[in-house]
Structures are given as structure tokens and as C-alpha cells.
Amino acid sequence: MQIKPLAMLMMFALAAPLAYADAKAPPSEAGTAAIYKYMRTQRSEAQNLSGDAATKDDLQRAAAKYQDLLAYLATAQVAERASGYKPLYAENVNLRVPLAGTYARLGMKEEALSTLEQVRGMLWLPALASALARPEFNSLRDEPRFKAVQQTMALPERLYKTPAIATPYKPVLTVEEKVAGLSLFWAEARSSFVHFDHVPELAWDQVYMDYLSKVIAAPTTHDYYRIMMQLAPLLQDGHTNVYPPAELSDEIYARPPMRTALVEGKVLVEWVGNPGLKARLHAGEEVVAIDGEPALEYGRRHVEPFVSASTPQDRAMRTYSYELLMGAASKPVKLRVRAADGAERDEVVDRSGSYQGHPRFVFKTLPGDIAYISIDHFENDESVKAFEKAIPDILKAKGLVIDVRRNGGGSSEYGERILSWLSRQPIGSAYSYRRDDDVYMRAQGSPAVIWTPVRSNGETYKAQHKDVFNGPVAVLTSAQTFSAAEDFTVSFRMLKRGIIVGEATGGSTGQPLFLKLPGGGSARICIKRDVFPDGTAFVGKGIAPDVEVHPTAASLRSGADPVLDRAVAELRKQ
């Protein structure tokens with residue numbers, strides 16, 4: 001998932017005035033960037049003129065400057081450029097808000113109110129509340145027109161925050177709550193979900209009709225969420241999910257302190273994290289049956305219907321790894337296990353108990369002076385700190401392996417910061433788009449979905465480091481490489497700094513829209529579409545490695561790592 005500062009629609013003149021140069025005349029036949037720079041510089045000059053200690057003459061000069069800038073912004077040359085560049089278009093508001101405040105300080109109430117009403121006609125945004133709370137608007141506070149502007153700016157939160165639907169947990173929901181939760185998820189997906197082309201045969205309106213009777217009949221909140229959790233997977237997207245209330249976690253999400261994996265077509269024990277359980281179960285052993293049902297069939301029947309996934313590899317991983325043994329904490333799971341020698345036995349395992357997981361960041365130097373670091377998340381800057389702590393050793397190495405096989409994502413910014421240590425070239429990223437449905441065309445009988453960049457595609461990240469690592473690099477990936485870790489993999493491939501070794505990534509990134517549902521549950525819907533700069537898709541496919549290597553039953557039993565071994569071998573060739 002890519003979470004990074006975007007070019008927002010408006011800046012609202014909330015920041016401190018900028019330092020400005022002496023730029024008096026509008027640029028003639030200038031490019032968009034030059035026009036935008038001129039506008040910001042001149043706006044900052046006007047803000048400085050209208051500071052707290054401004055005289056009446058200063059305020060009049062500031063108002064005149066704001067007016068001149070708005071007139072320049074309305075010229076054909078600039079207006080055309082602003083229509084395709086949001087920061088420049090934003091100046092329509094960035095200029096009017098301080099102009100209205102300047103009018104108010106000059107006692108020009110009518111002009112101030114008219115200017116604020118112009119802003120209201122351009123956008124409704126709760127963030128403007130802080131600007132309207134400034135002292136320069138004190139003289140307008142009792143004016144009905146000013147109050148109407150304030151109320152309008154608050155409308156988006158009233159429209160999209162749904163306290164009447166997002167009720168707290170209770171064991172049984174009303175019919176109205178159940179229908180409202182279904183309706184909210186369905187409607188938000190219809191208007192904002194970006195991957196309907198991945199499920200072209202899905203009749204979303206019929207899905208709604210089919211699920212109405214199901215949710216109405218659900219006797220408890222637990223039953224309701226078991227139904228809703230099967231609704232989201234129909235969209236086949238890893239960033240689109242329904243989550244039950246936290247109060248139901250022990251009934252749904254409890255699992256033993258162990259992990260399984262689908263390897264060579266079999267469900268194998270991949271990892272055991274509890275010392276007591278390690279004495280009974282061993283990596284590489286096959287789970288033949290679960291609660292008396294063949295393991296593969298158990299996964300297909302009881303787990304896969306609840307799995308939201310964008311690709312077969314992600315679905316298989318979640319079905320037979322993350323979620324296979326989940327269930328009620330009060331109900332131990334019965335496993336039929338086959339040892340390496342073929343002997344079978346039954347094990348009853350509690351869905352509880354403390355365990356020691358994999359370390360999130362591991363650095364070591366492998367034989368041949370190959371540096372290895374595993375980075376298991378991009379949730380915060382701990383990943384960057386771990387990498388930078390190892391930089392002195394990495395810079396001395398003959399090769400570098402970056403392992404993101406267990407990295408479930410977070411913020412793509414942290415991945416870019418790590419990659420900046422591998423090259424002095426700017427770090428590129430995937431291109432991102434949002435849906436921009438044209439409701440006017442729909443009203444005319446021609447519905448259309450238009451894809452609009454969510455930021456300036458082609459932007460790059462660059463950091464200045466005294467030294468960067470210039471040796472060969474390999475990145476290790478798997479189906480667990482997900483979201484922001486895939487953004488990292490995309491950027492690495494674009495940088496052409498080395499090879500990708502292992503398995504295809506999970507094939508899902510994007511920006512989710514989060515919703516609150518009845519009874520304390522929640523949901524998310526993917527509202528951002530990402531592709532390689534040349535338009536090549538990886539969501540719904542995964543990023544294929546340059547060198548494909550898979551773990552095996554034998555490697556699990558022996559503790560070997562064939563993916564890492566192959567990566568090291570490839571680096572030594574260079």
C-alpha cells in the first residue's frame with residue numbers, strides 16, 4: 001500500500017508565508033511550473049503585507065494584489081493550465097480565503113462574505129474550518145451568510161462519517177443495522193472500487209440483492225460478519241476486506257503458535273513458534289487432515305470463501321498459511337500429521353499459547369562477503385533505521401541481498417529511502433490512478449469511468465548520501481511480499497540495480513478507503529490503481545522474479561533456504 005504525501009487538491013493558505021523574491025510581472029508564455037511559482041511568490045507577498053501589524057494602507061495593497069492574482073488566474077492561458085494541474089487550480093481558493101479575511105479587517109463585510117461564498121461554490125472542505133476560525137473573521141461570526149459557509153464546509157464529514165450506521169458492538173444487530181452495513185459497503189464499492197475489470201462477470205447489483213436476505217436472516221452479530229466476510233472476497237482484491245468487531249476476535253481469529261504453507265501441492269508445517277509445541281510438530285511434516293477432513297479440501301471449503309485476494313498465489317498463501325488454522329480459541333484443532341518417514345499420528349493443538357515469531361529485521365554477513373538483510377515491514381521508519389544501522393557493513397560488502405519475502409507492506413516511502421542507498425539516480429515508482437466517474441455523462445445515458453492520476457506520475461525520490469552501495473544486489477520475494485513491499489519491488493526493478501529472486505509477489509497494492517460498520521466492525525475498499533510507468537499491470541498478477549526458486553519439503557525439513565542460496569550464487573557470478 002502506498003501511503004505518501006500527495007499533491008493535495010488545496011493548500012488553503014494555512015501555511016506560514018513563504019520567503020519571496022522580487023517578482024512583479026506575470027510570466028509571459030511561461031510553463032505551468034513557472035506560473036505556479038509566480039503565483040505562490042506573489043501570494044506570499046500579499047500575506048506578508050496583511051500581517052498582524054498591517055496598516056489600513058497595507059491591507060488595501062494586499063487586497064489589490066490578491067485581486068490582481070485572481071484576475072491573472074482567470075486569464076485563458078493560466079486557466080487552461082490550471083485545469084490540468086491541481087496545485088495551480090488550488091490558488092483559486094488559496095487566494096480567496098485570505099482576501100476575504102483582508103476584506104473583513106477593512107470593514108468590507110459584503111465583499112468578504114461574497115468572496116467566501118465564491119469559495120463555497122468551488123469546494124466544500126472541513127479543513128477550511130481552521131482558516132475561518134482566525135481572528136480576521138471575528139467581525140463576521142454573527143452573520144447568517146458566514147454561518148452558512150461554515151455549515152457547508154462541514155458537510156463532507158456529515159456525508160461520509162456515518163455514526164448512525166457505525167454502532168458499537170452488541171451480540172445481536174437490528175435488521176436496519178444489518179441492511180445499512182451491507183448497503184454502505186456495496187455503495188462505496190460501486191462508486192470507488194478500482195478493480196471491477198478483474199471480475200468482469202460479477203453482477204454487483206445482483207450480489208446486493210442476494211446478500212440482503214442473507215444478512216437479514218443472520219441471527220447474531222457473529223453470523224452477520226461471517227456473511228459479510230464472504231462478500232468482500234467476491235471482488236477478488238487483497239486490499240478490499242470486511243473485518244469483524246474486536247470483540248469477536250477470539251471466536252474467529254485465534255490460531256495455534258505455528259504456521260503452515262502450501263509446498264509442492266501439500267500442506268506442510270513451515271514454522272513452530274512455541275517450545276512445547278516444537279517437541280511435537282516439526283517443520284516439513286505434512287498436515288494430512290484438519291478436524292477429520294483432508295487438509296486441501298478443508299482449506300477450499302472452510303477458509304478460501306473468506307479470503308480476499310488478488311492473485312492465485314496470494315489466495316493460496318492466505319488459505320493454507322495465514323488463515324488455515326484460525327478459529328475459536330475455545331476449540332482446539334485436530335491435525336492428522338505425516339512425518340518424513342511416512343508415519344501418521346494425530347495431534348490436538350490449542351488455538352492459543354505464547355510464541356516467538358520471526359525477527360523483523362536481521363542483518364548478517366554471509367560467506368564471500370555477501371551482506372544480507374531481511375526487512376519484514378514498512379509500517380514505520382524502523383525498517384529504514386535497521387538498514388541504515390547496517391550501512392557501514394553493507395558498504396564494505398561484495399554483494400547485497402535484501403529479503404522482503406515476509407514483508408506485508410506499510411508505507412512505500414520507507415522502501416524508497418532504503419533504495420536511495422543503492423544508487424545516486426532518482427527512485428521512480430508505480431503510476432497511480434483513481435476513478436473519476438463522470439456523473440454528467442451518466443445522466444445523459446453514457447456512463448463512463450475515467451482514470452485520473454492521483455498525483456504527478458513520474459515523480460521521483462532522491463536523497464543525498466555521501467556514499468552509496470555500488471555492488472550487485474538481489475531482492476528476495478514471495479507471495480507474502482505485499483502492498484508497499486511490492487511498491488519497493490517495482491521501484492527496484494525500475495532502478496535496474498539487480499535481480500529479483502524467489503517467487504511472484506502477492507499482486508496487490510493501493511490505497512484503501514476505510515469504513516466503519518454496525519456492531520463495531522469495519523471494512524476497506526481499494527480506491528487507487530497502480531501500474532508500471534509503461535502501463536504494465538502487476539496488481540492481479542504479481543511481480544515475477546528474474547530467477548524463480550521455490551522452497552521444498554526437503555528444504556523445510558533440513559532448514560535450508562534454496563531461495564537465498566540461489567541469490568548468493570547469482571551475486572557471486574557478477
Side-chain angles (χ1 to χ4, degrees), residues 7-26 35-75 78-79 82 85-159 161:
M8 299 301 290
L9 177 62
M10 300 290 171
M11 292 176 297
F12 315 112
L14 300 181
L18 302 169
Y20 61 91
D22 185 15
K24 300 298 183 184
I35 293 173
Y36 177 56
K37 182 179 179 180
Y38 167 79
M39 296 292 295
R40 291 193 65 187
T41 300
Q42 291 296 293
R43 173 164 55 83
S44 295
E45 183 173 337
Q47 287 178 280
N48 288 335
L49 279 172
S50 57
D52 292 341
T55 65
K56 182 177 181 179
D57 182 60
D58 291 333
L59 293 175
Q60 289 173 336
R61 288 168 57 206
K65 185 174 284 291
Y66 287 130
Q67 292 166 346
D68 288 344
L69 288 170
L70 284 168
Y72 173 59
L73 190 59
T75 61
V78 180
Y85 186 59
K86 287 182 180 178
L88 183 56
Y89 182 80
E91 291 301 300
N92 282 290
V93 168
N94 293 339
L95 292 166
R96 282 180 169 83
V97 172
L99 173 59
T102 304
Y103 282 147
R105 292 171 68 185
L106 287 168
M108 302 168 66
K109 285 188 177 183
E110 175 59 33
E111 290 82 354
L113 292 169
S114 294
T115 303
L116 289 177
E117 287 170 340
Q118 291 172 8
V119 172
R120 182 176 64 176
M122 294 176 179
L123 87 166
W124 304 345
L125 193 79
L128 277 177
S130 59
L132 298 180
R134 287 176 172 175
E136 54 260 43
F137 294 106
N138 286 346
S139 63
L140 306 179
R141 304 237 175 264
D142 294 330
E143 294 288 336
R145 291 165 66 189
F146 182 79
K147 292 179 180 178
V149 170
Q150 287 181 307
Q151 290 173 338
T152 301
M153 292 304 161
L155 279 176
E157 287 194 340
R158 293 184 62 187
L159 287 171
K161 288 188 175 180

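Note that these values count all heavy atoms, side chains included, but never hydrogens, waters or copies made by symmetry. Values in this document were obtained by computation on a predicted structure and should not be read as measured data.
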(request) Step by step, work out the side-chain contact (heavy atoms from CB on, under 4.5 Å) result for Tyr38 and Leu69. (result) CA-CA 10 Å; Tyr38 167 79; Leu69 288 170; 4.0 Å; yes

(message) Distance check, rounded to the nearest 0.5 Å: Gln151 atom CD versus Trp124 atom CH2?
(response) 12.0 Å

(message) Side chains of Val119 and Met153, heavy atoms from C-beta outward: is any pair under 4.5 Å?
(response) yes

(message) Between Lys56 and Arg105, is there a side-chain heavy-atom distance shorter than 4.5 Å?
(response) no

(request) Look up atom CG in Asn94 and atom CG in Leu88, then write down how far apart they are to the nearest 0.5 Å. (result) 10.0 Å

(message) The test is side-chain hydrogen bond (donor to acceptor under 3.5 Å, both in side chains); show your working for Asn48 and Glu45 and say whether it passes.
(response) CA-CA 5 Å; Asn48 288 335; Glu45 183 173 337; over 6 Å; no

(request) Measure across Pro87 and Tyr36 and return the closest heavy-atom pair with its distance rounded to 0.1 Å. (result) O-CE1, 3.4 Å

(message) Under 4.0 Å between a side-chain nitrogen and a carboxylate oxygen: does that hold for Asp58 and Arg61?
(response) yes

(request) Enter the distance from Arg96:CZ to Leu73:CG here, rounded to the nearest 0.5 Å. (result) 7.5 Å

(message) Are the side chains of Glu110 and Tyr103 in contact, using a 4.5 Å heavy-atom criterion?
(response) no

(message) Can you give me the closest heavy-atom contact between Ala100 and Ala112, atom names plus distance?
(response) O-CB, 3.4 Å

(request) Search all heavy atoms of Ala74 against all heavy atoms of Ala79 and return the closest pair with its distance. (result) O-CB, 4.2 Å

(message) I'd like to know if the side chain of Arg141 and the backbone of Ala133 have a donor-acceptor N/O pair within less than 3.5 Å.
(response) yes

(request) Please examine the side chains of Tyr72 and Thr75, heavy atoms only from C-beta on, and report whether any two atoms are closer than 4.5 Å. (result) yes

(message) Can you tell me how far apart OG1 (Thr152) and CG (Leu125) are? Round to the nearest 0.5 Å.
(response) 12.5 Å

(request) Give a yes or no answer on whether the side chain of Arg43 reaches the backbone of Met39 with a donor-acceptor pair at less than 3.5 Å. (result) no

(message) If I take atom CE from residue Met122 and atom OH from residue Tyr89, how far apart are they, to the nearest 0.5 angstrom?
(response) 6.0 Å

(message) Do Leu116 and Phe137 make a side-chain contact, defined as non-hydrogen atoms from C-beta onward lying under 4.5 Å apart?
(response) yes

(message) Using side-chain heavy atoms (C-beta onward) and a distance below 4.5 Å, is Arg145 in contact with Ser114?
(response) yes

(request) State the CD-CG distance between Gln118 and Leu113, to the nearest 0.5 angstrom. (result) 11.5 Å

